[in-house]
Amino acid sequence: MRPGIELRQDYDAARLRASAKSTRNAGQSRRLLALAEVYDSGTRSKAARVGGVGLQTVRDWVVRFNAHGPEGLVDGKAPGNVCKMSALHREALLALVESGPIPAVHGVVRWRLKDLVQWLWGEFRIAVSETTLGRELRALGYRKLSARPRHHAKSEAAVAVFKKSFPRVKEIAASEAAGKPLEIWFADEARIGQKNKITRRWARRGTRPSAPRDLRTASTYIFGAICPALGKAAGLVLPRCTTEAMTLHLAEIAQAVAPGAHAVLLLDQAGWHVSRKLKVPPNITLVPLPAKAPELNPVENIWQYMRENWISNRIFTSYTDILDHCCGAWNKLVDQPWTIMSIGLRDWANA
């Protein structure tokens, strides 16, 4: 029989029992009480009966206690399985996720976890479950997000040039504004109707929540404009998008511009925005955005925010009901200048 290992001499039975009483770890308390019996009588068999274990386990406790004191008797976290993916594998995986699938090659238009699991096996002969791979992607900062629409014919070069130079601002400041303070505004229109959208909502996992949906076609338009730097907004609810309606909207924006200031209004190149019949107030200068680049206009994000929070998942009983909800939603936005600033500010426009 192997000789017993002596316990360290800087502790005694009373001190171990006091530690066992004060600790909140049940396993540590049981081990301390067992070793206290060793200090009292030196009998390992009695210590094993107190701890409810065998002699070999008591020997292991003694080794841990001698090396680390009472803290060595706390249960440690199980190390678990060794991760199969190295830094090289993660780097290749992220490059694949960022580049996206090629439908003609991969047979899918978006990556699913099962596709990435198959790719890892085919490329590196690494077998992981979808749950494990999903946990890896989340740990690397990736989530499933809704894609932002982008026009297929957009010119990236034109967008980059527009952001860099923000055309005509200096010219406007010197000519139309005549040295007045400038306010940067954005404008756009949104159709709101009975054929409403259904947004995402919280629900129990594994279920599919339902929401009311109407197939009738009555609708109206919100003409909205925001000045993100000042948290201001000006809007009208009108039955259709025409040059006359846009003229009314410009008059509304002109009243919201601070006295003595001049507004630079950025908007897309819709026909009613660039019509020669459009009557532009003297304190506003229109600046068209590059074609096919709606993401440059933060009002697009305003529409998304309003739909998700105030307008979607509703049944509009009549045209008047649509008007009431549109006006109510826009007035809520006007009362939240911090929301307008948070959604609308763009570094390239407010530098």
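The first residue in the sequence is number 1, and the count goes up from there. This is a predicted model, so every value here is computed, not measured. Note: hydrogens, waters and symmetry copies are ignored here, and every other heavy atom, side chains too, is used.
No side-chain heavy atom of V109 sits under 4.5 Å from any side-chain heavy atom of P101. The closest side-chain heavy-atom distance from L266 to N297 is not below 4.5 Å. Between L265 and V280, the closest side-chain pair of non-hydrogen atoms is not below 4.5 Å. In this structure the side chain of L73 never reaches within 4.5 angstrom of the side chain of N25, judged on heavy atoms. Inter-residue side-chain proximity for L113 and L137 is flagged as met; some heavy-atom pair is nearer than 4.5 Å. Contact of the P294 side chain with the D268 side chain is not registered, since no non-hydrogen atoms from C-beta on lie closer than 4.5 Å. With a 4.5 Å cut-off on side-chain heavy atoms, S19 and Y11 do not count as touching. The shortest side-chain heavy-atom distance between I253 and I284 falls under the 4.5 Å cut-off.
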Quiz: residues 327-340 side-chain donor-acceptor pairs under 3.5 angstrom, not counting sequence neighbours:
residue, atom, partner, partner atom, Å
N331, ND2, C327, O, 3.1
Q336, OE1, T339, OG1, 2.9

Show me the donor-acceptor pairs, under 3.5 Å and distance only, between side chains in residues 187-194 and residues at least two apart or in other chains.
residue, atom, partner, partner atom, Å
D188, OD2, W303, NE1, 3.1
E189, OE1, W272, NE1, 3.2
E189, OE1, H273, NE2, 3.3
E189, OE2, H273, NE2, 2.7
R191, NE, S219, OG, 3.3
Q194, OE1, A218, N, 3.2
Q194, NE2, F316, O, 3.0

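Pairs passing the side-chain hydrogen bond (donor to acceptor under 3.5 Å, both in side chains) check and including a residue from residues 62-72, sequence neighbours excluded, do not occur. The ring-ring contact (aromatic ring centres under 6.0 Å, His included) analysis of residues 239-264, with sequence neighbours excluded, yields the pairs F223-H249. Among residue pairs with one or both ends in residues 224-253, those qualifying as salt bridge (Lys or Arg N to Asp or Glu O under 4.0 Å) are E183-K232; sequence neighbours excluded. Applying the salt bridge (Lys or Arg N to Asp or Glu O under 4.0 Å) rule to pairs touching residues 83-103 yields R90-E136, sequence neighbours excluded.
Under the side chain to side chain donor-acceptor pair (under 3.5 Å) criterion, D115 pairs with R112, not counting sequence neighbours. The side chain to side chain contact (heavy atoms under 4.5 Å, CB included) check on A18 picks up nothing, with sequence neighbours excluded. For E300, there are no side chain to side chain donor-acceptor pair (under 3.5 Å) partners, not counting sequence neighbours. When the side chain to side chain contact (heavy atoms under 4.5 Å, CB included) test is applied to Y319, the partners found at least two apart in sequence or on another chain are T220, P239, L323. Not counting sequence neighbours, the partners of E308 by the side chain to side chain donor-acceptor pair (under 3.5 Å) test are Q304. Taking S342 as the reference, nothing meets the side chain to side chain donor-acceptor pair (under 3.5 Å) condition, with sequence neighbours excluded.
A cation-pi arrangement is absent between R59 and W61 under the rule of less than 6.0 angstrom and at most 45 degrees off the ring axis.
No donor-acceptor pair under 3.5 Å is formed between the side chain of E123 and the backbone N or O of W121. The backbone N or O of V274 lies less than 3.5 Å from no partner atom in the side chain of Q269, so there is not a single donor-acceptor pair. Distance alone, capped at 3.5 Å, is enough to place a donor-acceptor pair between the S99 side chain and the A95 backbone.
The aromatic ring centres of H106 and W119 sit 6.0 Å or more apart.
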Q | Trace of the salt bridge (charged side-chain N to carboxylate O under 4.0 Å, His left out) decision for R31 with D75 | A | CA-CA 11 Å; R31 296 172 190 121; D75 291 324; 2.7 Å; yes

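Under the salt bridge (Lys or Arg N to Asp or Glu O under 4.0 Å) test applied with E37, the options R17, R44, R30 reduce to a single match, R17.
Closest approach of W185 and A256 over heavy atoms only: CH2-CB, 3.7 Å.
The aromatic rings of F186 and W348 lie perpendicular to each other, with more than 60° between the two planes, well past the 30° mark.
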